[in-house]
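In what follows, a single structure is set out as structure tokens and then discussed.
Letters A, B, ... are given to chains in the order of the sequence lines, protein chains preceding strands, and every chain is numbered from 1. Below, all heavy atoms of this structure are taken into account, side chains as well, without hydrogens, waters or symmetry copies.
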Amino acid sequence: MNEKNNIDEIFKNAAQQYSATAPKGAWGSIDASLKAQSRMLFIKKLSVAAVISVVSIVAAVVVFNSSDIDVAQLDDNTNTTPKNTLNTKSEQVTDNTISYNDDVPKLETKNKEIIVEANTEAIVNNANSVVVENIAIDNKSEVSIVAVEKTPNKISVAAVDKENNVDKSIHLNKLIENIDEDIVGSESIDIDSKVAPTISKEPQESIISINEKSTNDKLVIETKVIENSSIEETPIQEQEKLINKSILEEIAINEDKPEVTIENEVINPEELKNNNTSSFKYFIGSTISAAITNAVSVAPATPNKDMAVAGSVNTEIGYGASVDIGIRKDNWIFTTGIRRYDHKVSGDFTVNEHNPYNVDADNYGYSALGVISLFNVNTNARLANPSSAIYVQDFDEYSIRLRYVDIPITIGYELKINNWSVIPYVGINSTIILSNEVKMSKDDKIFMYGEVKDVNSIMLGITTGGGLYYNIGKRWLLGLNTDFIYYPSSVSYSKDYTYKPYSLLVGPRVEFRF
Amino acid sequence: MKPIDKIIKACKKNKAWAQAELFERYSDKMFGTCLYYSDSKADAEDLLHDGFLQIFKNIGKYKQDNIEAWMRRVFINLALMQFRKTKLDTLSIEEDEVSDLNANTEDNVNMNADELQALINKLPSQYRLVFNLYAIEGYKHREIAEMLDITEGTSKSNLSRARNILQNKLQKLNDI
């Protein structure tokens, strides 16, 4: 037993005292792994933020979508006896005294929508003496619209095959310019043959928009009346309000030309929608972003190489916000605005206990970074243009913080898919650097904390980016935006200190169009 | 010299300087532990790398008073995990490695620590682990059996054989 214990004791004592020199490069590989982990963690956090943003957008889309059905606000008097009626495909509307069809089906009102049985005749009369008639027989659709006197007279109509769902709809676009004072009359629409609908004119000061939706065997007709005055002021915008995203039928009236001309063309529903959403000329948007930015060139080497191995940068973050305005021309988008961003680049210095670095901060500052002022925590005073040497010994943290305001000018193009918009863009940006701060410290003690001189106060950069947005209603866009900003020239004049910052920014964006 | 509690506190905040400091301070000691629990120097280097990553990852959970003991535990646990992964180690023991227990070991007390470590390192993996855990770390056979997923009897047997081998080698070295 004693022998056993003796052996155990020998090896126990030896093991407890035992140490072996760790291989060279061991820390290097561990440090590299730690940085890789740190980056992965940052990317994961960024991904989580992006997922949360996307989920928020989708949630917002769902919420806003649920209220879209109320966009077309129907007049409560819609079910009253019509003043103008049409009951056949070819009958002409001539005045307000036309007799109406006795077989008008019963109308069912649900949530401000009028639901009419499909494959039967239907007449819906608006209280404001604007008649909307929709007759459906054997997959044929008739829409007769009575326009009004003294209104602008550009009319665009899209008719819909109500037997089927939205995707199978046929849209007709008609432009009638300068409706004659006389009654134009009505005309039936044959969906199959894509015949134009009838446009009539009545002495009323209103305009109507029709919005039809087929849901199984039901035909939903939505109407909206807009006062003439508002049409005259902002006809395109008012028209926008009326467009239901599922099916479009719109009328706008314009009185520019004396002759009645009719353009009968079949347009793609998506094009029709695009035309409507892109009709807003201006927009204002805002983005909040988090960023991955690049490392500064760490610390420059002073002549005696004190700082050459001063450590490694392990944190590169950026964040900021922007507000921009823009103008649209067709699908082209021109934007300018103002962005305010911060870059913070931190380096943790691995100063060895056995090999402290002695750095002449003054020399360091002037010769390399160009520190124009120093904050000395020992004297609690800031030295502007310090001339006496400040020796920084064994500091362990180093950071540069770059604050700047950026004015981008970009050109983009909007691609629309249903209610989604993808907008890639490129541009240039002028940047005004507000501050470029350097900080050196050990533990919680700050050795150097000052502004950096010899930096470009104005820089020119390039920016590219894009976003995926969802159109909420007619005016709002909500989505995820990415920006990549790069400055080809260094922030610093100094050859010792190079910093060409770039940022990859990701964040939510909201935009309002008007 | 920075106080260790400050270094640990900074490590918990993932401060690179503190991680470097902790490594600087304990790397040699821990590498020695790694050598005791590894088959080769290359394995020990891998263990050192993985162990420190584990330490920096889990240092937030550290609430004890003895950082060295805690770190040592991390390395030993990692070595045990590694052992369990590659458990099928053939316990081929040469006949001449087994000797009687009557050899005089008094003379070996003054042996070089490196030589003793080298002796340990030459043991088959399972013998080495059982011996280290029992003789150096002070675990009971029941605990060792659980750690290595073996029976208590096997643990006792492995310990006995490890002792025999070590004693035999010590004797040989002594004779030289």
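- The side chain to side chain donor-acceptor pair (under 3.5 Å) search around B:Ser155 returns B:His141, not counting sequence neighbours.
- Residues passing the side-chain contact (heavy atoms from CB on, under 4.5 Å) test with B:Asn66 are B:Glu68, B:Ala69, sequence neighbours excluded.
- Within the 3.5 Å criterion, the main-chain N or O of A:Ser19 finds no donor-acceptor partner in the side chain of B:Asp28.
- In this structure, B:Ile120 CD1 and A:Phe11 CZ are separated by 4.5 Å, a value rounded to the nearest 0.5 Å.
- Nearest approach of A:Lys12 to B:Ile136, heavy atoms of both residues: CE-O, 3.8 Å.
- Summarising the geometry of A:Ala26 relative to B:Phe23, their closest heavy-atom pair is CB-CZ, 3.7 Å, with the distance given to 0.1 Å.
- By the 4.5 Å heavy-atom criterion applied to side chains, B:Gln19 and A:Ile30 are not counted as neighbours.
- Residue-environment remark: NZ (B:Lys9) stays at or below the threshold of 12 foreign heavy atoms within 6.0 Å.
- In this structure, a donor-acceptor pair under 3.5 Å is present between the side chains of A:Tyr18 and B:Asp114.
- In B:Ile8, the CD1 atom is crowded: over 12 heavy atoms of neighbouring residues, nucleotides or ligands sit closer than 6.0 Å.
- Of the residues considered (B:Met30, B:Arg72, B:Lys41, B:His49), B:His49 shows the highest number of contacts with chain A, using heavy-atom pairs under 4.5 Å.
- With values rounded to the nearest 0.5 angstrom, A:Ser29 atom OG is found 8.0 Å from B:Leu53 atom CG.
- Proximity to chain A (any heavy atom under 4.5 Å) is restricted, for B:Leu35, to the side chain, taken from C-beta onward.
- Side chains of B:Phe131 and A:Asp8 form a contact here, defined as non-hydrogen atoms less than 4.5 Å apart.
- You'll find the side chain of A:Pro23 reaches within 4.5 Å of the side chain of B:Phe31, heavy atoms only.
- Residue A:Asp31 holds its CG atom at 9.0 Å from CZ of B:Phe56, rounded to the nearest 0.5 Å.
- Atoms CG and CG, from A:Leu34 and B:Asn14 in turn, are 8.0 Å apart once rounded to the nearest 0.5 Å.
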